[in-house]
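For reference, the structure discussed in these notes is given below.
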There are 2 protein chains.
Amino acid sequence: MRAVDTGGYLKGRIRREDIISAAAGVYGEVGYHGASLREIAKRVGMSHAGLLYYFPTKEALLAAVLERRDAEDAEREQLASPPGLEVLRHYLALASHNVRHPGIVDLYTRLAAEAVAPDHPAHEYFKRHYDEARSGVRDSFRVLAESGELRPGIDPDQATVTFIALMDGLQVQWLTTPDAVDLVASLRFYLQSLLTVPLD
Amino acid sequence: MRAVDTGGYLKGRIRREDIISAAAGVYGEVGYHGASLREIAKRVGMSHAGLLYYFPTKEALLAAVLERRDAEDAEREQLASPPGLEVLRHYLALASHNVRHPGIVDLYTRLAAEAVAPDHPAHEYFKRHYDEARSGVRDSFRVLAESGELRPGIDPDQATVTFIALMDGLQVQWLTTPDAVDLVASLRFYLQSLLTVPLD
DNA sequence: CCTACCGATCGGTAGG
DNA sequence: CCTACCGATCGGTAGG
């Protein structure tokens, strides 16, 4: 009966994952502050007090959502390329994945905007997120600059900040006016305008 | 006693302006949904019920904030240039003004992110805002394309969407990690990379 | 404009 | 995991 006896722990882990997924959905719709534990709990079929059995506070649940996002990022990082063109293509692929999963875009956009407030519980998370994103992209643009694949006169550091800003800004504009924005095409257009070689 | 008798109306108008300013500040800090009428009222020195004497609902106050923003935009539009380089320089000047007034950036960033939700009371406002911004910038890029001031191969429509997205994304990134982002320099860098002539 | 109040909702706790 | 409850806060109304 071993297989059955471990069921308690397994069920708990599954339950936690369900709660995290539901929370991510609600955060995307109404932000973190706008999300109530009662709404999240309802979506997973329990009372809000039951949810607090798994996550002791509202902030602990947010931390779990962000941790899972990091874990998923790290998983993708496993198959990450060395700095260069491939990294930029990887961002294009990510954007194209996101367009098919608007919930992810909603979650990220809503939380990033809320978290500009220094006392927001996700503020440090997004600071770190931006630092890491910049350093990864910067390495790639520098490699491209040295190999002559970056257009002459283009500063790799400026290319980095603007590229990341472009992704963020396109997401807001796309969510607001989806018919007027082709997220992937715009990103491709920008990258191509910086390069001397074809992206694909 | 005529001059004194009109005082009642004048004081009311000033009071309304004070409330709108306080509301804009709170929206920038905690968003529209996170803002309470009591906090806004406290900043202008009255009770929240008193505030509701001037603005009958929470949404009416938001509408007034957005209306004043439009009025300020229209005022600036008065001295607007015909489509072309001057319009882009005008956006640079606006960005440089915003950097010295972070509250404006906060307000815009917070509301824009909240308003991606179709049922947000500012959703239609931001849809219109994006439509108008795109059509103004697009005209300028098209003029520049015809005069050869836009780099060959650059699609004016793509330049438009990405330019506006860049402004939005830079604002979020700048608010989160101010030391790592030079908002005006990044904007200038991008515009210059699209042009065949020096911006300044 | 204020005080006083309403019903609704919030995160969290007690006690099983 | 639940029911039942707590104190706090919300937008809005009544009645001056």
Side-chain angles (χ1 to χ4, degrees), chain A residues 4-27 29-66 110-111 114 117 119-122, chain B residues 4-27 29-66 110-111 114 117 119-122:
Chain A
V4 169
D5 276 337
T6 60
Y9 286 95
L10 178 61
K11 208 171 77 181
R13 232 175 293 141
I14 291 176
R15 210 73 160 124
R16 283 176 60 95
E17 285 304 312
D18 286 347
I19 295 171
I20 292 174
S21 298
V26 178
Y27 293 168
E29 288 170 32
V30 297
Y32 165 71
H33 280 128
S36 75
L37 297 178
R38 282 168 173 85
E39 172 62 26
I40 296 165
K42 196 169 81 181
R43 295 197 187 188
V44 70
M46 64 172 73
S47 71
H48 90 282
L51 188 157
L52 287 167
Y53 167 79
Y54 289 97
F55 300 95
T57 66
K58 192 185 181 186
E59 269 196 52
L61 178 54
L62 172 63
V65 168
L66 297 177
R110 294 292 308 241
L111 286 189
E114 265 189 336
D119 61 341
H120 191 282
Chain B
V4 169
D5 277 337
T6 60
Y9 287 94
L10 178 61
K11 208 172 73 179
R13 231 176 296 140
I14 291 176
R15 211 73 160 122
R16 283 176 60 93
E17 286 303 313
D18 286 347
I19 295 171
I20 292 174
S21 298
V26 178
Y27 294 168
E29 290 170 30
V30 297
Y32 165 70
H33 279 128
S36 75
L37 297 179
R38 282 167 174 86
E39 172 62 27
I40 296 166
K42 196 169 81 182
R43 296 197 185 188
V44 70
M46 65 171 71
S47 71
H48 91 282
L51 188 157
L52 287 167
Y53 166 79
Y54 289 97
F55 300 95
T57 66
K58 191 184 181 187
E59 268 196 52
L61 178 53
L62 172 63
V65 169
L66 298 177
R110 294 291 309 239
L111 286 189
E114 265 189 337
D119 60 341
H120 192 283

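In the text below, chain A, chain B and the rest are named by the order of the sequence lines, each starting its count at 1.
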Does the B:Glu114 side chain pair with the main chain of B:Gly31, one donor and one acceptor, at a distance under 3.5 Å? no

Among B:Ile14, B:Leu37, B:Val44, whose side-chain contact (heavy atoms from CB on, under 4.5 Å) with B:Ile19 holds? B:Val44

Would you compute the distance between atom CD of A:Glu39 and atom CZ of A:Arg43 and round it to the nearest 0.5 angstrom? 4.5 Å

Interatomic distance, B:Glu39 CD vs D:dC10 P [rounded to whole Å]: 8 Å

Under a 3.5 Å distance rule, please check whether B:Arg110 uses its side chain to pair with a backbone N or O of B:Tyr32 as donor and acceptor. no

Mind checking what makes side-chain contact (heavy atoms from CB on, under 4.5 Å) contact with A:Thr57, not counting sequence neighbours? A:Glu59, A:Ala60

Nucleotide-resolved protein contact map, nucleotides 11-16 of chain C, B/S/- at heavy-atom distance under 4.0 Å: BBB---

Measuring from B:His120:NE2 to B:Leu62:CG, what's the distance to the nearest 0.5 Å? 6.5 Å

In short, A:Lys58 meets A:Ala35 closest at the heavy-atom pair NZ-O, 3.0 Å

Looking at A:Arg13 and A:Glu17, is there a salt bridge between them, counting it only when a charged N and a carboxylate O are closer than 4.0 Å? no

Whole angstrom is fine here: how far is it from NZ in B:Lys42 over to C1' in D:dT9? 13 Å

In whole angstroms, how far is the C1' atom of D:dC10 from the CG atom of B:Leu61? 15 Å

Is DNA chain D part of any stem, that is, at least 3 consecutive Watson-Crick or G-U pairs with both distances under 3.5 Å, and where? C:1-16 with D:1-16

